[in-house]
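Everything below concerns the one structure shown next.
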Protein chains: 2
Amino acid sequence: MSETTETQVIRDLIDRLARLNAAEDWNGPLNPSQFAALSYLARANRFSRAPSHVADYLITTRGTASQTLKALARKDLIIETRSETDKRSIRYDVTRNGTDVLQDTSGLTDVINDLDADVSEALASSLKALVLAMLQRRDGRPFGICRTCKHYRNTDADGFCQLLQVSLTKSESAQICHEHAEL
Amino acid sequence: MSETTETQVIRDLIDRLARLNAAEDWNGPLNPSQFAALSYLARANRFSRAPSHVADYLITTRGTASQTLKALARKDLIIETRSETDKRSIRYDVTRNGTDVLQDTSGLTDVINDLDADVSEALASSLKALVLAMLQRRDGRPFGICRTCKHYRNTDADGFCQLLQVSLTKSESAQICHEHAEL
DNA sequence: TTGCAATAGTTTCGACTCGCTACTATTAAT
DNA sequence: ATTAATAGTAGCGAGTCGAAACTATTGCAA
């Protein structure tokens, strides 16, 4: 008979919240994993759209990610592009159909929007601390948008990544990168 | 190209945290759903251990819950007891083996314990608000321990449930009930 | 009391996730 | 020139998931 501690309560709330969100996904054309993968691809920059990146983001194996991506490709929501420079790697881009599917508004989004600004800021910060601590234990990648990365340099119009040595458009600077590192 | 708003960030953090937690479960003898169901049963009172209650708690259907419970029963982690009063209903109790499996300490637990007391209290409260708001939309049951329920009455040694008209031991008053209602 | 309707749980189906292992192609390092 | 590392995939077995169809009870009304 386990005790129900404050910690256990938080664990349960996180799990239940994720399940409530997942249950909503099932109402749409995609299952929760497919939706999460598609949503990630739509926000990731062009250096972060490979199966292995999706696997890292979704905390799963390359094999599982590969299957999920193949399922999305079968549905014409994403399309694969083989790299010219490295013939092993593949990049998946979201199609027009794919962006349409992502328009579905979610109940969790509404509910989070109803929080007071200071509450949601505190929530984001606590959750981020938890995710980072969990990632550290398995050396997983944090992911994050270019503009907040230590390799990012602000130039006149656009941005520049010191790590990959490429310039980035304004739009790209707001995308998610698998190489993201805290300042 | 979806924008990544503060709300989207929180959604992603919740999803990733749940996935990080789930990934840990896979290292053990059970999959995440089985572990969640077993963990619930170990903390639920004797009126809340039926397949339909597990389904409500895990935000899934009775059919799915039934399958998961059968899988746990095959592994001798829970055992089914048919009710005398209502021959349709079944109660699953956690076996000795079941409680042993639950002893596994989780990384998420450690990480939550590392939070400052005031931070974790704020976190619990925000998450609870989100879960309640989500549940309201699908009239799902909140669940919670007897002692904090509006039907609970404190008696001399033990407690009493006004709704079910039964007296509760001290230990039972700390268990999860599917009939739980906010004060 | 008979006759439904609601409830509790199960089964089956098809699509898919999931970790795993084994495998192919390519690229990097010695 | 080997050998090792990396990127991605196929196939396996167990199991999740919702949905629909099904059995066995119990509740309710006319």
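All chains are named by letter (A, B, ...) in the order of the sequence lines, taking the proteins before the strands, and each is independently numbered beginning at 1.
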What integer distance in Å separates [X]:[atom1] from [N]:[atom2]?
{"X": "A:Asp56", "N": "D:dA7", "atom1": "CG", "atom2": "C1'", "answer": "12 Å"}
{"X": "B:Leu30", "N": "C:dC18", "atom1": "CG", "atom2": "P", "answer": "17 Å"}
{"X": "A:Leu72", "N": "D:dT9", "atom1": "CG", "atom2": "P", "answer": "13 Å"}
{"X": "A:Leu58", "N": "C:dC16", "atom1": "CG", "atom2": "P", "answer": "17 Å"}
{"X": "B:Asp25", "N": "D:dA14", "atom1": "CG", "atom2": "C1'", "answer": "16 Å"}
{"X": "A:Phe35", "N": "C:dT17", "atom1": "CZ", "atom2": "C1'", "answer": "18 Å"}
{"X": "B:Ile59", "N": "D:dC17", "atom1": "CD1", "atom2": "P", "answer": "11 Å"}
{"X": "B:Arg19", "N": "D:dT16", "atom1": "CZ", "atom2": "P", "answer": "16 Å"}

Encode nucleotides 3-11 of chain C as B, S and - characters from 5' to 3', where the letter depends on protein heavy atoms closer than 4.0 Å: B to the base, S only to sugar-phosphate, - to neither.
-> ---BBSBBB
Would you check if there is a donor-acceptor pair between the side chains of B:Tyr57 and A:Asp12 at a distance under 3.5 Å?
-> yes
B:Arg11 vs B:Asp15, salt bridge (charged side-chain N to carboxylate O under 4.0 Å, His left out): CA-CA, chis, key distance, verdict = CA-CA 6 Å; B:Arg11 253 167 66 91; B:Asp15 192 56; over 6 Å; no
Looking at [X], I'd like to know whether one of its side-chain N or O atoms comes within less than 4.0 Å of OP1 or OP2 on [N].
{"X": "B:Arg74", "N": "D:dG15", "result": "yes"}
{"X": "A:Ser33", "N": "C:dC18", "result": "yes"}
{"X": "A:Asn31", "N": "C:dT17", "result": "yes"}

Toward the 5' end of DNA chain C, by each residue's nearest nucleotide, A:Ala71 or A:Glu84 = A:Ala71
Can you check whether [Y]'s main-chain N or O pairs, donor with acceptor, with [X]'s side chain at less than 3.5 Å?
{"X": "A:Arg141", "Y": "A:His178", "result": "yes"}
{"X": "A:Arg138", "Y": "A:Met134", "result": "no"}
{"X": "A:His180", "Y": "A:Cys177", "result": "no"}

Out of C:dT17, C:dT26, D:dG18, whichever nucleotide has its closest atom nearest the side chain of A:Lys87 = C:dT26
To the nearest 0.5 Å, atom SG of A:Cys161 lies from atom CZ of A:Phe47 at 7.5 Å
With a non-hydrogen cut-off below 4.0 angstrom, is A:Thr85 in contact with a base, only sugar-phosphate, or nothing?
-> sugar-phosphate
Are the side chains of A:Glu6 and B:Glu121 in touch, meaning some heavy atoms are under 4.5 Å apart?
-> yes
